[in-house]
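Report on one structure; see the data block that follows.
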Amino acid sequence: MAGPMLDVRTLKGFRDQLPPEMGPRRAMLQAIEAVFRRHGFAPIDTPALEYAEILTGKYGEEGDKLLYQFEDNGGRKVAMRYDLTVPLARFVAQHQALLPSPFRRYHIGPVWRADKPQRGRFREFVQCDADLCGHNSALADAEVLVVGLEVLQALQVDGARIHVNHRGVLTALIAAAGVDPAAAPVAIRAIDKLDKIGPDGVVAELERTLACSPATAREVLSVFAEASDLASLEAVLVRAGVDAEVRAASVGRLRAVFELVAAAGHGDRLFFDASIARGLDYYTGIIYETRLTDPKVAAIGAVMSGGRYDDLIGSFGKTQVPAVGISLGLDRLQAALRELGLCGDGRFGADAFVVAIDEADAVAAMALATDLRRAGVSAELSTRGGKIGKQLESGDKRGCRVALLVGGNERARGEVAIKDLASGGQQVVSLSQAAETVAGLLRV
RNA sequence: GUGGAUGUAGCUCAGUCGGUAGAGCGCAGGAUUGUGAUUCCUGAUGUCGUGGGUUCAAGCCCCAUCAUCCACCCCA
């Protein structure tokens with residue numbers, strides 16, 4: 001059986017999850033799922049592998065390069081899912097007859113990107129998505145944003161802002177500055193670097209990437225700089241002669257969405273930001289990115305993003321189905337929360353630790369642990385034996401909160417000693433009251 | 001994909017001028033009878049990331065490779 005010694009290791013960008021991280025992680029997942037369900041979203045799942053042709057060409061040039069692709073054993077060209085949105089589009093196109101409209105679904109699962117790993121960036125990570133397929137309305141946009149905001153609230157993430165923009169706004173602004181709309185993504189990327197390289201840097205970058213005059217570059221910058229909120233954005237677009245219909249569909253839509261989200265009590269989290277562009281090709285309307293405000297983790301990037309993609313489902317079938325969604329990056333968010341010390345205490349033991357003082361007490365200890373579990377108290381038996389001090393120590397280290405000591409003296413009287421591991425306080429109660437007493441201690 | 005830094009005990013790291021390794025924490029045991037988290041004593045653990053090369057001699061120098069981190073790019 002003993003083969004040659006192997007290097008035990010994990011693939012670059014792939015990670016094991018140990019109990020101290022996995023405990024809080026499960027709690028996060030539960031909270032997230034509860035919010036999704038509370039908003040009427042139904043769970044689905046899709047395969048990790050898709051035919052490569054389903055996924056390629058949906059994410060833009062950069063995204064395509066990051067797709068894991070290979071031939072399976074039957075010679076089929078396959079790809080691992082890069083996100084949950086494109087698989088959803090395929091899913092809706094394929095099963096449309098069976099789905100209600102609108103279709104609200106949530107999907108939690110791993111996705112894979114052959115990216116270069118960095119802090120908060122992994123090759124395998126879990127996304128938590130909520131999408132609403134079937135309607136293009138401000139209410140649909142707002143509903144999905146509210147779900148995202150409620151998730152953050154449920155996870156007790158306070159320092160987060162959602163930066164919101166609209167693809168229609170972007171193209172209108174670019175056109176207003178006298179630049180070919182097709183060049184919009186390139187221009188946005190330059191604008192987006194304003195914080196890092198300053199106004200002069202952006203102008204230089206625009207001249208270079210757009211091959212335009214310095215005057216045009218400055219115009220692009222000023223148009224974007226001026227559109228700092230929805231009111232000034234409207235003014236910029238009016239002045240640039242953008243027609244009313246386009247303004248209504250973009251700025252007007254954003255206004256409506258902001259108002260609706262405010263009605264849900266989350267207006268203070270939403271910010272218009274003309275520099276949000278989103279690299280993924282499939283977005284057609286509102287787009288958003290969530291950033292944590294704490295400077296310690298600002299560099300970790302967006303933790304919850306999404307937008308409207310009205311043409312993606314249609315690209316797989318005969319029917320156009322408008323859709324909007326939001327996607328939370330669980331691993332990245334957890335990494336950030338961990339760095340901020342907001343990610344639980346890493347305890348993973350049961351609440352109660354049952355110690356048999358002597359080997360002769362083992363049967364009684366097992367019976368007691370069973371009683372506790374039946375009463376809804378999580379309990380684990382000390383299996384190491386040996387000195388009581390050592391046993392208590394190991395229970396404490398495991399994160400157990402109370403220890404129950406089963407010994408000959410107490411047993412003779414039908415009693416058990418219950419010790420609070422944090423305070424050290426101890427009391428002796430009858431066996432029949434043990435579960436109740438422990439439950440009481442745990443409630444404190 | 002581009003550029004840079006790092007890799008020594010389970011963890012965080014020290015290791016001078018090349019002379020085959022240390023600390024703190026943690027872990028294990030003990031300080032007489034059935035009580036831990038403070039104290040004291042004792043102990044164990046390393047192919048110095050991996051593979052080559054230079055040298056009488058390599059943790060240290062050179063090359064390659066893998067991994068991690070950082071800045072780009074992009075993104076959850």
Side-chain angles (χ1 to χ4, degrees), chain A residues 5-15 18 20 59-66 81-85 108-129 148 185-186 188-190 192-193 196-197 205 209 276-281 287-292 297 299-306 325-336 353 355-361 382 384 386-411 417-426 428:
Chain A
M5 192 67 129
L6 299 173
D7 279 348
V8 287
R9 52 184 189 155
T10 45
L11 235 31
K12 181 207 273 278
F14 289 73
R15 302 158 308 146
L18 274 64
Y59 303 105
E61 214 176 299
E62 291 292 335
D64 273 6
K65 277 193 275 185
L66 301 182
R81 66 180 177 214
Y82 174 95
D83 67 2
L84 301 177
T85 306
I108 296 174
V111 301
W112 295 270
R113 299 183 185 179
D115 211 342
K116 190 157 177 170
Q118 238 175 76
R119 178 167 72 133
R121 175 182 300 193
F122 314 103
R123 288 188 164 176
E124 176 183 55
F125 58 95
V126 168
Q127 290 197 322
C128 308
D129 281 35
V186 179
I188 300 304
R189 237 170 279 151
D192 199 30
K193 291 182 189 166
K196 282 178 192 160
I197 60 180
E205 178 103 357
T209 53
I276 294 295
R278 312 292 304 138
L280 269 43
D281 275 0
I287 46 184
Y288 30 82
E289 276 180 17
T290 308
R291 306 213 187 118
L292 298 175
V297 292
I300 216 163
V303 294
M304 186 176 75
S305 306
I326 194 160
S327 176
L328 176 114
L330 184 73
D331 304 75
R332 180 175 284 184
L333 179 62
Q334 192 184 4
F353 193 66
V355 175
I357 286 177
D358 189 84
E359 240 177 271
D361 303 311
S382 172
R384 87 198 298 281
K387 297 181 119 177
I388 294 158
K390 293 291 176 192
Q391 299 203 56
L392 289 173
E393 191 182 339
S394 80
D396 190 36
K397 274 182 197 144
R398 299 182 51 70
C400 298
R401 294 175 54 194
V402 298
L404 290 94
L405 297 156
V406 179
N409 300 346
E410 291 82 356
R411 207 143 53 80
I418 300 176
K419 188 179 187 73
D420 185 310
L421 284 169
S423 70
Q426 186 168 320
V428 177

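Order of the sequence lines sets the chain letters (A, B, ...), proteins ahead of strands, with each chain counted from 1. What you see is a predicted model; the values in this text were computed from it and never measured.
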*Counting only Watson-Crick or G-U wobble pairs whose two distances fall under 3.5 Å, which nucleotide matches B:U38?*
none
*Considering Watson-Crick and G-U wobble pairs with both distances under 3.5 Å, what does B:A23 pair with?*
B:U12
*Base, sugar-phosphate alone, or nothing: which one does A:Leu421 contact when heavy atoms must sit under 4.0 Å apart?*
base
*Whole angstrom is fine here: how far is it from CG in A:Asp396 over to C1' in B:A37?*
5 Å
*Please measure how far the P atom in B:G1 lies from the corresponding atom in B:U38, and state the result in whole Å.*
49 Å
*For A:Gly395, which contact category applies under a 4.0 Å heavy-atom criterion: base, sugar-phosphate, or nothing?*
nothing
*Without swapping roles, check the side chain of A:Glu124 against the backbone of A:Gly13 for a donor-acceptor pair under 3.5 Å.*
no
*Does A:Met304 offer a backbone N or O that forms a donor-acceptor pair with the side chain of A:Thr290 under 3.5 Å?*
yes
*Please give, in whole Å, the distance from B:U35 P to A:Leu404 CG?*
17 Å
_B:A31 versus B:G19 - spacing of their P atoms, nearest Å_ = 43 Å
*Would a distance-only check, ignoring hydrogens and angles, find a side-chain to backbone donor-acceptor pair under 3.5 Å from A:Arg81 to A:Pro110?*
yes
*Take atom C1' in B:A9 and the same atom in B:A44, then report the distance between them in whole Å.*
11 Å
*Atom CZ of A:Arg15 to atom C1' of B:A76: distance rounded to whole Å?*
11 Å
_Does A:Asp83 reach a base, just sugar-phosphate, or nothing at all? Heavy atoms under 4.0 Å._
nothing
*Have a look at A:Gln334 and say if it touches a base, only the backbone sugar-phosphate, or nothing, with a 4.0 Å heavy-atom cut-off.*
nothing
*asked:* Once rounded to the nearest 0.5 Å, what's the spacing between atom CZ of A:Arg121 and atom NZ of A:Lys116?
replied: 10.5 Å
*asked:* Before you tell me yes or no, could you show the steps for A:Lys419 and A:Val355 under side chain to side chain contact (heavy atoms under 4.5 Å, CB included), namely the whole-Å CA-CA distance, both residues' side-chain angles and the distance that decides it to 0.1 Å?
replied: CA-CA 11 Å; A:Lys419 188 179 187 73; A:Val355 175; over 6 Å; no
*How far does CG of A:Asp83 sit from CZ of A:Arg113, to the nearest 0.5 angstrom?*
6.0 Å
*Would you mind pulling out the nucleotide paired to B:U65, Watson-Crick or G-U wobble, both distances under 3.5 Å?*
B:G49
*Less than 3.5 Å between a donor and an acceptor, one on the side chain of A:Asp358 and one on the base of B:G34, is that the case here?*
no
*Under 4.0 Å between a side-chain N/O of A:Arg411 and OP1 or OP2 of B:G34, yes or no?*
no
*Looking only at atom C1', what distance separates B:U65 and B:A23, rounded to whole Å?*
32 Å
Check: protein-nucleotides 67-73 of chain B nitrogen or oxygen pairs below 3.5 Å:
| residue | atom | partner | partner atom | Å |
| --- | --- | --- | --- | --- |
| B:U68 | OP1 | A:Gly13 | N | 3.0 |
| B:C70 | OP1 | A:Arg119 | NE | 3.1 |
| B:C70 | OP2 | A:Arg119 | N | 2.6 |
| B:C73 | OP1 | A:Lys193 | NZ | 2.9 |
| B:C73 | N4 | A:Arg121 | NH1 | 3.2 |
| B:C73 | N4 | A:Arg121 | NH2 | 2.8 |

*Using a 4.0 Å heavy-atom cut-off across all strands, classify A:Lys397 as base, sugar-phosphate, or nothing.*
sugar-phosphate
*Does B:U2 pair with anything, Watson-Crick or G-U wobble, both distances under 3.5 Å, and if so, with which nucleotide?*
B:A71
*A:Lys65 with A:Glu61: basic N within carboxylate O range, under 4.0 Å*: no
_5′-ward residue of the pair A:Gly424/A:Lys65 relative to RNA chain B_ = A:Lys65
_Looking at B:U54, which nucleotide sits across from it as a Watson-Crick or G-U wobble partner, both distances under 3.5 angstrom, or is there none?_
none
*Output, in order, the C-alpha distance, side-chain angles, deciding distance and verdict of side chain to side chain contact (heavy atoms under 4.5 Å, CB included) for A:Leu66 and A:Tyr59.*
CA-CA 10 Å; A:Leu66 301 182; A:Tyr59 303 105; over 6 Å; no
_Candidates B:A76, B:G34, B:U35 - which lies nearest the side chain of A:Gln426_ = B:U35
_Comparing A:Tyr82 and A:Glu393 on RNA chain B - which has the more 5′ nearest nucleotide_ = A:Glu393
_Side chain of A:Arg384 only, heavy atoms from C-beta on: which candidate in B:G36, B:G34, B:G29 is closest?_
B:G29
*asked:* Less than 4.0 angstrom between a side-chain N/O of A:Lys387 and OP1 or OP2 of B:A31, yes or no?
replied: yes
*Does any nucleotide pair with B:G18 by Watson-Crick or G-U wobble geometry, both distances under 3.5 Å, and what is it?*
none
*Could you check whether A:Asp420 gets within reach of a base, just the sugar-phosphate, or nothing at all, counting any heavy atom under 4.0 Å?*
base
*Hey, does A:Ala417 reach any base, or is it just sugar-phosphate, or nothing, if we go heavy atoms under 4.0 Å?*
nothing
*When rounded to the nearest Å, what value does the distance between C1' atoms of B:C25 and B:C63 take?*
37 Å
_Could you tell me how far B:C13 sits from B:C70 if I compare only their P atoms? Round to whole Å._
14 Å
*asked:* Roughly how many Å apart are B:G7 and B:C60, using the C1' atom of each and rounding to a whole number?
replied: 14 Å
_Identified pairing partner of B:A76, criterion: Watson-Crick or G-U wobble below 3.5 Å_ = none
*Touch class at under 4.0 angstrom, heavy-atom based, for A:Leu405 against every strand present*: base
*Given that both distances must come in under 3.5 Å, which nucleotide forms a Watson-Crick or G-U wobble pair with B:U32?*
none
*Any idea which heavy atoms bring A:Asp115 and A:Arg123 closest together, and the distance?*
O-NE, 2.6 Å
*Is it true that the NZ or CZ of A:Arg398 lies under 6.0 Å from the centre of A:Phe353's six-membered ring and within 45 degrees of the ring axis?*
no
